[in-house]
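Here is the structure we will look at.
Protein chains get the first letters and strands the later ones, always in sequence-line order, with residue 1 at the start of each.
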There are 2 protein chains.
Amino acid sequence: MGRPKAARGQGRDRVVAAAIELFSERGVSGTSLQMIADRLGIGKAAVYYQFKTKEGIIEAVLAPAFEQMRSIIADGEGSDSPQEVAIVGLSGLVIAQREVVAALSQDPEVRRFLETHNEASELLLQLGAMLLGPEPAPRRRVAVSLFGGGLASVGIDPALADIDDEALRSELISLGQLLLTA
Amino acid sequence: MGRPKAARGQGRDRVVAAAIELFSERGVSGTSLQMIADRLGIGKAAVYYQFKTKEGIIEAVLAPAFEQMRSIIADGEGSDSPQEVAIVGLSGLVIAQREVVAALSQDPEVRRFLETHNEASELLLQLGAMLLGPEPAPRRRVAVSLFGGGLASVGIDPALADIDDEALRSELISLGQLLLTA
DNA sequence: GTCTATAGCCGGATAGAC
DNA sequence: GTCTATCCGGCTATAGAC
């Protein structure tokens, strides 16, 4: 019992925070456990104490974003406009987790990770379906792909760093509606 | 003299073609020279005969895309609507070089490459300026980022594989105009 | 919880035979 | 132009001291 409960998990959280920074700067493949350890000022083996494998770190980095996606999907199921829910929800997700979303959707290593984790790919498919709606025409399908890919890159675009979160969020929602109701 | 001229450069071209495939599947950091050699059925040292460094391969992969960007910029300079030229030109670029464009704009290793090659970053800045126009409002700036990032991901989206090039190109142009004139 | 040390593998890159 | 062999360094991961 030595230590207060509040301290538990801090080590893990610090590793995850450093990993997010590095993943978005250098990509997952370009980030070594040594780099994560160096950024925290600890040794490589100390990182292994928190996570037994690099894949475990990837999992922990992605977890909160997937949690938020689950909640968007749940919201959409009770709604009469799932598309609207998805546009608003995903715009909020990008704002809330800029770096994570970038790593999430743009990194090839993460794509490979998803291929071996069907529950996660399933979430992405469901969100895609919400945006597409029933029997989408080619134009809508292109628009969904454009919006999805664009969202991720907006999250990390340094050229937009001066725009505050609320303004960015409302622009994204409005541009999403423009694209997907065209 | 032994060999017909047509054969010259074939070795290099084969390496570049294999590299493009692998870069878009696994990212630049996730692709080793051994993988490139294996895909061609040759040894690693044979790849080094064509390119002295991995960076040389990256350069050769990106070169045609940058060439096309230069030509878009040149077209825009004589036009009274550079924004239109950029939308049409970039949509065509995505179609012409789907995999290259993906690696180009989404890979962290390529971003690092660009930081050390100012001529290339300069081209991207000029294209960005063409899309933005003079004194862009925040909404336009977000739209440009969304369009740029979205374009790249449309190029590699397997869900759009059944849409033929000409249809995709015209949808992209039309969606680009919608976004950027809003 | 963090360290040093080490195992074992794979990375980029080079030399030299064929 | 392709090969084998090799160098050296960095990688993930583990073992064991503190």
Out of the candidates D107(A), V28(A), T53(A), only one should pair with I58(A) under the side chain to side chain contact (heavy atoms under 4.5 Å, CB included) rule; please name it. V28(A)
Have a look at L90(B) and tell me which of L93(B), V88(B), V94(B), I87(B) forms a side chain to side chain contact (heavy atoms under 4.5 Å, CB included) with it. L93(B)
What stems involve DNA chain C, if each pair must be Watson-Crick or G-U and both of its distances must be under 3.5 Å, with 3 or more such pairs in a row? C:1-18 with D:1-18
So which nucleotide from dT2(D), dT2(C), dA15(C) ends up closest to the side chain of A46(B)? dT2(D)
Which nucleotide, dT4(D), dA13(D), dT2(C), lies nearest any side-chain atom of A45(B)? dT4(D)
Can you measure [X] atom [atom1] to [N] atom [atom2] for me and round it to whole angstrom units?
{"X": "F51(A)", "N": "dT12(D)", "atom1": "CZ", "atom2": "C1'", "result": "16 Å"}
{"X": "I36(B)", "N": "dT2(D)", "atom1": "CD1", "atom2": "P", "result": "14 Å"}
{"X": "Y48(A)", "N": "dA13(D)", "atom1": "OH", "atom2": "P", "result": "4 Å"}
{"X": "K52(A)", "N": "dT14(D)", "atom1": "NZ", "atom2": "P", "result": "8 Å"}
{"X": "R14(B)", "N": "dT2(D)", "atom1": "CZ", "atom2": "C1'", "result": "12 Å"}
{"X": "E109(B)", "N": "dG11(C)", "atom1": "CD", "atom2": "P", "result": "15 Å"}

Determine whether a donor-acceptor pair (N or O, by modelled atom type, separation under 3.5 Å) exists between the side chain of [X] and the backbone of [Y].
{"X": "T31(A)", "Y": "L22(A)", "result": "yes"}
{"X": "R169(B)", "Y": "G92(B)", "result": "no"}
{"X": "E109(A)", "Y": "S29(A)", "result": "no"}
{"X": "S145(A)", "Y": "V142(A)", "result": "no"}

Would you say a side-chain N or O of Y49(A) is under 4.0 Å from OP1 or OP2 of dT2(C)? no
CG/L146(B) to CG/L151(A) distance, rounded to the nearest 0.5 angstrom? 6.0 Å
Protein-nucleic acid N or O pairs under 3.5 Å, nucleotides 8-11 of chain D:
| residue | atom | partner | partner atom | Å |
| --- | --- | --- | --- | --- |
| dC11(D) | OP1 | S32(A) | OG | 3.2 |

Please identify which of these residues, R139(A), R140(A), R141(A), meets the salt bridge (charged side-chain N to carboxylate O under 4.0 Å, His left out) condition with E171(B). R139(A)
Hydrogens and angles aside, do E84(B) and Q177(B) bring a side-chain donor and acceptor to less than 3.5 Å of each other? yes
